[in-house]
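The structure under discussion appears below in the form of structure tokens.
In what follows, residues are counted from 1 in the order of the sequence shown.
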Amino acid sequence: QVQLVESGGGLVQAGGSLRLSCAASGRIFSVNEMDWYREAPGKQRELVAAITAGGSTYYADSVKGRFTISGDSAKKTVYLQMSGLKPEDTAVYYCKVLCTPPYNGWGQGTQVTVSS
């Protein structure tokens, strides 16, 4: 079994910053990619950022220039540095790991609330 533990969420004013962390553990032979998703009330869960084991990154247009993803595939950790936060960034943030053997589960998520 695989465990994903997200942390670092909280309440912040618009324009502020937060750093999210996610640690994966358990039956993981290798990590291919780690992603950050978010789910706002009444909306579908969406991909925010991703980083491959080789260091390639992807960002949703809505967060480009404000969020930075980083990680250590050997340590099975991924981070999301969020700056210039906006009220529309309010959501529960989840990490996902693409690994060998495959795992399709989610962690418990971490709440990010941005006040205007």
Side-chain angles (χ1 to χ4, degrees):
Q1 188 60 290
V2 172
Q3 294 80 40
L4 294 169
V5 179
E6 301 97 336
S7 62
L11 173 63
V12 64
Q13 289 188 333
S17 300
L18 283 173
R19 186 176 188 246
L20 306 184
S21 300
C22 173
S25 61
R27 190 170 171 264
I28 298 174
F29 179 73
S30 63
V31 171
N32 304 312
E33 181 178 309
M34 295 190 78
D35 305 335
W36 282 101
Y37 283 76
R38 67 185 180 189
E39 186 171 338
K43 295 187 178 181
Q44 288 190 328
R45 193 170 297 189
E46 62 173 353
L47 178 62
V48 174
I51 185 166
T52 68
S56 297
T57 58
Y58 161 85
Y59 296 96
D61 287 343
S62 58
V63 307
K64 279 181 182 176
R66 300 188 298 121
F67 291 10
T68 302
I69 189 170
S70 60
D72 185 331
S73 58
K75 294 183 179 179
K76 306 180 184 68
T77 57
V78 64
Y79 307 96
L80 188 67
Q81 178 67 46
M82 306 185 295
S83 303
L85 283 162
K86 304 176 181 180
E88 51 263 44
D89 295 317
T90 295
V92 179
Y93 284 71
Y94 300 88
C95 74
K96 188 169 182 67
V97 61
L98 281 67
C99 57
T100 302
Y103 177 70
N104 293 318
W106 300 89
Q108 82 290 348
T110 186
Q111 176 71 49
V112 171
T113 302
V114 184
S115 63
S116 56

**Request:** Determine whether Y94 and V48 fall in the same hydrophobic cluster, where Ile, Leu, Val, Met, Phe, Trp and Tyr are linked whenever their side-chain heavy atoms lie under 4.5 Å apart.
**Result:**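 They do not share one cluster, since no chain of ILVMFWY contacts under 4.5 Å joins Y94 to V48.
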
**Verify same cluster id: L20, V92 (apolar side-chain graph, 4.5 Å)** =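 Looking at the clustering, V92 is in a separate group from L20.
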
**Request:** Quickly, which of Y37, W36, Y59 forms a side-chain contact (heavy atoms from CB on, under 4.5 Å) with L47? Name it, please.
**Result:**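 Of the listed residues Y37, W36, Y59, the side-chain contact (heavy atoms from CB on, under 4.5 Å) partner of L47 is Y37.
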
**Message:** Which residue is it: Q3, K96, R27, Q1? I am looking for the one with a side-chain contact (heavy atoms from CB on, under 4.5 Å) to Y103.
**Reply:**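 Per the side-chain contact (heavy atoms from CB on, under 4.5 Å) rule, the option paired with Y103 is Q1, out of Q3, K96, R27, Q1.
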
**Message:** Tell me every residue that passes salt bridge (Lys or Arg N to Asp or Glu O under 4.0 Å) with E46, counting only those two or more places apart in sequence or in another chain.
**Reply:**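 Scan of E46 (salt bridge (Lys or Arg N to Asp or Glu O under 4.0 Å), adjacent residues dropped) gives R38.
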
**Asked** Does a side-chain heavy-atom distance below 4.5 Å link V12 with S17?
**Response**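 A side-chain contact under 4.5 Å is absent here.
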
Shortest non-hydrogen separation from [X] to [Y] and the atoms involved:
{"X": "V112", "Y": "G9", "answer": "CG2-CA, 4.1 Å"}
{"X": "I28", "Y": "A24", "answer": "CD1-CB, 3.8 Å"}
{"X": "F29", "Y": "P101", "answer": "N-CD, 4.0 Å"}
{"X": "M34", "Y": "V97", "answer": "CG-CG2, 4.1 Å"}
{"X": "T100", "Y": "N32", "answer": "OG1-ND2, 3.5 Å"}
{"X": "G109", "Y": "E6", "answer": "N-OE1, 2.9 Å"}

**Request:** Using atom types as modelled and distance alone, determine if a side-chain donor or acceptor of T90 lies under 3.5 Å from a backbone N or O of V114.
**Result:**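 Yes; judged by distance alone, with no hydrogens or angles, the pair exists.
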
Rounded to the nearest 0.5 Å, how far does [atom2] of [Y] lie from [atom1] of [X]?
{"X": "Q111", "Y": "L11", "atom1": "CD", "atom2": "CG", "answer": "9.5 Å"}
{"X": "Y58", "Y": "D35", "atom1": "OH", "atom2": "CG", "answer": "10.0 Å"}
{"X": "C99", "Y": "E33", "atom1": "SG", "atom2": "CD", "answer": "11.0 Å"}

Solution key, residues 64-84 side-chain donor-acceptor pairs under 3.5 Å, sequence neighbours excluded:
unit_1, atom_1, unit_2, atom_2, d
K64, NZ, D61, OD1, 3.2
R66, NH1, G84, O, 2.9
R66, NH1, D89, OD2, 2.7
R66, NH2, S62, O, 2.8
R66, NH2, D89, OD1, 3.0
R66, NH2, D89, OD2, 3.4
D72, OD1, A74, N, 3.0
D72, OD1, K75, N, 3.1

